[in-house]
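Numbering of ligands and ligand atoms starts at 1, following listing order. What you are looking at is a predicted structure, and each value in this text was computed from that prediction instead of being measured. Only heavy atoms go into these numbers, but all of them, side chains included; no hydrogens, no water, no symmetry mates. Index from 1, following the sequence.
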Amino acid sequence: MSLPLPGDSFEWRDQQRRPFLVCRPLEPFAPHLFTTALWALGARARDATAETGESSLEEAWRQVTDALSIDQHRLVRATQVHGAAVIVGTRAAVDRVRPEADIILLGEPDAAAAVQAADCVPMLMVDRATGVVAAAHAGWRGMAARVPQVALRALETTFGSRPANVIVALGPSIGACCYEVGPDVRDAFASTHFSNTLLDRVFLEQPHASNLNKPMPPLATAARRPDRWFFDGWLMASDQLVEAGVPKAQIYGAGLCTASHPRVLCSYRRDGVPAGRVVGAIRCQPRP
Ligand SMILES: [Zn+2]
């Protein structure tokens, strides 16, 4: 299968012929991956009817923990609710529960944190000075709740991280080529004190398509509708991080739109309820 070309600092690898993305600058500090539609968790529900049930779900997650070389019960996951709540540490994995949260922080060895997404931005962070990590998930609601900044502040207050030491990878997610939104979305940002200057940069009047990320089919031919914008979640995420002190040169984007690449990536906007999920997962390697 031909795979789309990711951003400069990302590259494709594979685990038993299942492709995944890694962000090279993040890798020396924290093993991690962004999975694709070709992993069990990425299969669309209607394509995976034979694979439903608890045991097969456990098997599907085992692909992720195997790739990170950790025990299955050392993977921390949350019940994602499009908010900005934070959980810290491996307690949830030990207790085998999934608290409601969209940000997971980890400072322990031999453990990893994972988020799932199908258009929302999966974000992986590492403090290169200490090795503590974060995994976060944000769609427009999470961005309006400032998930990137909340995750960064949580690293600062919990582990004493300095933003200047934090490296961030933004995984595949829906791009401004495909993510048409209405006034409700723009209003959610305007009412939570985002500047008009920023909003004018992230709410585009025309889809921002490229040869790499083509508008998904219904958008390619549709006439523009009034009072609709194309939301640039990648810029919104990086802008929040820069404002909070992360050097721009330490924020890396995969640059791949989930909706534009139907065979490789998972998109709720494109596939609806049966959409599979991509996983962003990162393993903590505390530094001495
Ligand atoms: Zn797209």
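Residue pairs meeting the salt bridge (Lys or Arg N to Asp or Glu O under 4.0 Å) criterion with at least one member in residues 155-173, sequence neighbours excluded, are R153-E156.
For H82, the ring-ring contact (aromatic ring centres under 6.0 Å, His included) criterion is met by H137, not counting sequence neighbours. With sequence neighbours left out, the ring-ring contact (aromatic ring centres under 6.0 Å, His included) criterion links F194 to F189.
Within the 3.5 Å criterion, the main-chain N or O of P19 finds a donor-acceptor partner in the side chain of T36.
Take a cut-off of 2.8 Å around the Zn ion (ligand 1): the protein N, O or S atoms inside it are C177 SG, C178 SG, C257 SG, S260 OG.
Taking every heavy atom of both residues into account, Q250 and N165 meet most closely at NE2-C, 4.0 Å.
Counting heavy atoms from C-beta on, the side chains of I251 and I167 never come closer than 4.5 Å.
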